[in-house]
Amino acid sequence: MAGIHKSKIELNIELDENRVPENLHWTAEDGGISNEEAKAIMLSVWDSNAKESLRIDLWTKDMPVDEMKVFFHQTLVSMSDTFNRATQDEKMTATMKDFCDYFAEKLELKK
């Protein structure tokens, strides 16, 4: 029997005196990421026992609002792709993609 491979993803958050994130860094050695800086992190974890999503959303105080809008848009698009891979629900995926387009249009993200 083959050995079990374990992979670790590490998040490091530096807070100011008011506990507001100043610096975010992450490491995912299997992905070739080592102590890379990030300006925002959204992490969702599914609690199967409680049947609910647990979330950690952090962004640094110097994260520009225009970049946050792009980050949200790209996250919504990637969630649509993940939803499609997980459920093969093409109709709802198309609806989600339509919303992503609407979101981008309203925020004037697409040129």
Side-chain angles (χ1 to χ4, degrees):
M1 184 170 169
I4 296 174
H5 178 79
K6 292 187 178 185
S7 182
K8 181 168 78 170
I9 298 171
E10 185 176 301
L11 304 173
N12 290 297
I13 298 103
E14 292 176 27
L15 306 172
D16 69 9
E17 63 278 358
N18 297 313
R19 300 187 58 79
V20 175
E22 281 192 316
N23 292 295
L24 303 172
H25 289 86
W26 68 296
T27 297
E29 290 177 1
D30 281 1
I33 306 296
S34 180
N35 203 37
E36 288 287 325
E37 182 180 11
K39 292 292 182 190
I41 295 171
M42 290 186 194
L43 176 66
S44 295
V45 178
W46 179 248
D47 182 333
S48 189
N49 293 327
K51 301 286 189 263
E52 65 184 10
S53 178
L54 307 174
R55 300 192 42 82
I56 298 172
D57 299 322
L58 300 171
W59 57 94
T60 61
K61 53 187 170 185
D62 66 343
M63 171 76 169
V65 172
D66 61 329
E67 288 184 23
M68 182 61 94
K69 291 176 181 179
V70 173
F71 178 51
F72 259 83
H73 179 255
Q74 291 180 2
T75 300
L76 290 168
V77 170
S78 68
M79 287 175 66
S80 300
D81 294 337
T82 301
F83 179 83
N84 189 42
R85 283 194 318 274
T87 67
Q88 289 82 48
D89 186 334
E90 299 286 340
K91 189 173 180 181
M92 184 52 70
T93 298
T95 300
M96 292 171 72
K97 293 281 188 183
D98 287 343
F99 174 75
C100 291
D101 289 342
Y102 174 81
F103 185 92
E105 181 184 321
K106 287 297 179 187
L107 291 179
E108 299 178 353
L109 299 180
K110 293 190 175 183
K111 297 177 171 59

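Only heavy atoms go into these numbers, but all of them, side chains included; no hydrogens, no water, no symmetry mates. This is a predicted model, so every value here is computed, not measured.
By the neighbour-count criterion of 12 heavy atoms within 6.0 Å, atom CD1 of I9 is sparsely surrounded, having that number or fewer from other residues, nucleotides or ligands. Residue-environment remark: NZ (K91) stays at or below the threshold of 12 foreign heavy atoms within 6.0 Å. More than 12 heavy atoms of other residues, nucleotides or ligands shown are found within 6.0 angstrom of CZ on R55. Around the CE atom of M92, the shell of radius 6.0 Å holds no more than 12 heavy atoms that belong to other residues, nucleotides or ligands. Taking a 6.0 Å sphere around CD of E22, one finds it holds more than 12 heavy atoms contributed by other residues, nucleotides or ligands. Heavy-atom contacts from other residues, nucleotides or ligands closer than 6.0 Å to CG of L107 number more than 12.
Taking hydrophobic clusters as Ile, Leu, Val, Met, Phe, Trp and Tyr residues chained together by side-chain heavy-atom distances below 4.5 Å, I56 does not share a cluster with M63. Cluster annotation: M96 and L76 are assigned to distinct hydrophobic clusters (Ile/Leu/Val/Met/Phe/Trp/Tyr, side-chain heavy-atom contacts under 4.5 Å, transitive). Note: the hydrophobic cluster containing L11 does not contain F71 (ILVMFWY, side chain heavy atoms under 4.5 Å, direct or indirect links). By the criterion of side-chain heavy atoms lying less than 4.5 angstrom apart, applied directly or through intervening Ile, Leu, Val, Met, Phe, Trp or Tyr residues, V45 is not grouped with F83; the two fall into different hydrophobic clusters.
N12 is not listed as a side-chain neighbour of E14, based on a closest heavy-atom distance of 4.5 Å or more. In this structure the side chain of K51 reaches within 4.5 angstrom of the side chain of W46, judged on heavy atoms. Taking the side chain as every heavy atom from C-beta outward, K97 and N84 never approach each other to under 4.5 Å. Contact of the K69 side chain with the V65 side chain is registered, since non-hydrogen atoms from C-beta on lie closer than 4.5 Å. Put simply, the side chain of L109 reaches to within 4.5 Å of the side chain of V70, judged on heavy atoms. F103 places a side-chain heavy atom less than 4.5 Å from the side chain of F72. Within the 4.5 Å cutoff, no side-chain heavy atoms of M42 are placed close to those of L58. Side-chain contact between C100 and H73: present, with at least one pair of heavy atoms (C-beta onward) separated by less than 4.5 Å.
Residues passing the salt bridge (charged side-chain N to carboxylate O under 4.0 Å, His left out) test with D62 are K39, sequence neighbours excluded.
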Next item on the list: Carefully, step by step, assess T27 and I33 under the rule side-chain contact (heavy atoms from CB on, under 4.5 Å).
Entry: CA-CA 5 Å; T27 297; I33 306 296; 5.6 Å; no
Item checked: Chi angles and distances behind the side-chain contact (heavy atoms from CB on, under 4.5 Å) call for Q88, T93 -> CA-CA 8 Å; Q88 289 82 48; T93 298; over 6 Å; no
